[in-house]
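Beneath this line is the structure, given in structure tokens, with notes to follow.
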Amino acid sequence: MLDKFITPVIKPLLTPVVMLMHKRGITADQLTVVGFLVGLLAVPLLAFEMWYGALVAIALNRILDGLDGALARYANQSSSAGGFLDITLDFLFYAAIPLGFILANPEQNAIAGSLLLATFIGTGSSFLAFAIAAEKFKLEKPQFKYKSFYYLNGLTEGTETIALFIAFCIWPQHFAIMASIFAIACGITIFTRIHGGYHTLKQQEADANKAAENAHNNTNSEVIND
């Protein structure tokens, strides 16, 4: 929900760092992999209840995630392969953080953490499934025109998720209640994405079939006239 407002603000702040990285020969894909590995460090830190160490790892992961896309665009390295790598590792990172809290306190966090992971699967699958169909119909993505995938909006997007992870690390004793509330919000996102995505694609299919039928009729008319 907040991504479309946050992204334009952050983008100019990354430019000086991106220029320096490009001069050093660093590639966007390298940043993606390094950022993912740094993010995974949060899991053992969370398991051993080193909350602020995990918070640093999460923050670094998100900074590098912002830099990799900016670097790809600056260096004209944007590609479907890079976008695929980025979004795949992002979703693995998102799933790893609740797992860290479950490991830290299974008795208290297991149910809420599992519920959150289940809804993460729903938001991720609805997001990616629509992106595939959106590419087929060449749908425009004006709010996220620099992204490799079509971003179907929702109540819980990247900005909200990272804010949640930060809150987890600051108030770990309240993980269960915060995870449960966010899982409900994810459920709303899943519903709106399925509903909106389904009807959008149905309309696109109807328009495409109508255009094909008109083209066929026009061709037949030309043949008859000839």
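Remember, predicted model here, so these are calculated numbers, not experimental data.
- A pairwise comparison of heavy atoms in Gly25 and Gln30 identifies O-OE1, 4.1 Å as the closest pair.
- Between Ile102 and Leu117, the closest side-chain pair of non-hydrogen atoms falls below 4.5 Å.
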Show which side-chain atoms of residues 31-52 pair as donor or acceptor with protein atoms under 3.5 Å away, not counting sequence neighbours.
unit_1: Thr32; atom_1: OG1; unit_2: Ala28; atom_2: O; d: 3.1
unit_1: Thr32; atom_1: OG1; unit_2: Asp68; atom_2: OD2; d: 2.7

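- With rounding to the nearest 0.5 angstrom, the CG atom of Leu20 is 12.5 Å from the OG1 atom of Thr15.
- Under a 3.5 Å cut-off, the side chain of Asn209 and the backbone N or O of Glu205 do form a donor-acceptor pair.
- Taking NE2 from His174 and CD from Gln108, the interatomic distance works out to 9.5 Å, rounded to the nearest 0.5 Å.
- No donor-acceptor pair under 3.5 Å is formed between the side chain of Thr88 and the backbone N or O of Leu85.
- Here the CZ-CG distance, from Arg62 to Asp90, works out to 4.5 Å after rounding to the nearest 0.5 Å.
- Rounding to the nearest 0.5 Å places OH of Tyr94 at 15.5 Å from CD1 of Ile121.
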query: After noting the C-alpha distance and the side-chain angles of Phe168 and Leu164, does the key distance pass the side chain to side chain contact (heavy atoms under 4.5 Å, CB included) rule?
result: CA-CA 6 Å; Phe168 283 165; Leu164 176 74; 3.4 Å; yes
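- How far OG1 of Thr161 is from CD1 of Ile58: 11.5 Å, rounded to the nearest 0.5 Å.
- Put simply, Leu201 and Tyr198 are part of two different groups of oily side chains (I, L, V, M, F, W, Y) that touch within less than 4.5 Å, one to the next.
- In this view, Gln204 satisfies the side chain to side chain donor-acceptor pair (under 3.5 Å) rule with no residue, not counting sequence neighbours.
- For the pair Arg193 (side chain) and Thr123 (backbone), a donor-acceptor distance under 3.5 Å is present.
- Rounded to the nearest 0.5 angstrom, Ser114 OG and Asn109 CG are separated by 10.0 Å.
- Put simply, the side chain of Phe130 reaches to within 4.5 Å of the side chain of Thr200, judged on heavy atoms.
- A heavy-atom distance below 4.5 Å is found between the side chains of Phe120 and Pro98.
- Side-chain contact between Phe91 and Leu128: present, with at least one pair of heavy atoms (C-beta onward) separated by less than 4.5 Å.
- Note: the hydrophobic cluster containing Leu116 does not contain Leu103 (ILVMFWY, side chain heavy atoms under 4.5 Å, direct or indirect links).
- Linking Ile, Leu, Val, Met, Phe, Trp and Tyr whenever their side-chain heavy atoms come within less than 4.5 Å leaves Phe182 and Leu99 in two separate clusters.
- With Thr119 contributing its side chain and Gly122 its backbone, the two residues share no donor-acceptor pair below 3.5 Å.
- The minimum heavy-atom distance linking Ala176 with Ser180 is given by the pair O-OG, 2.8 Å.
- Linking ILVMFWY residues whenever their side-chain heavy atoms come closer than 4.5 Å, directly or via other members, leaves Leu115 and Ile111 in distinct clusters.
- Looking at Asp207 and Lys210, no side-chain N of the basic residue comes within less than 4.0 Å of a carboxylate O on the acidic one, giving no salt bridge.
- The number of heavy-atom neighbours closer than 6.0 Å to CD of Gln173, taken from other residues, nucleotides and ligands shown, is above 12.
- Aromatic ring orientation, Phe175 versus Phe101: parallel (interplanar angle below 30°, classes split at 30° and 60°).
- In the hydrophobic cluster analysis, where Ile, Leu, Val, Met, Phe, Trp and Tyr join through side-chain heavy atoms closer than 4.5 angstrom, Phe191 is grouped apart from Ile188.
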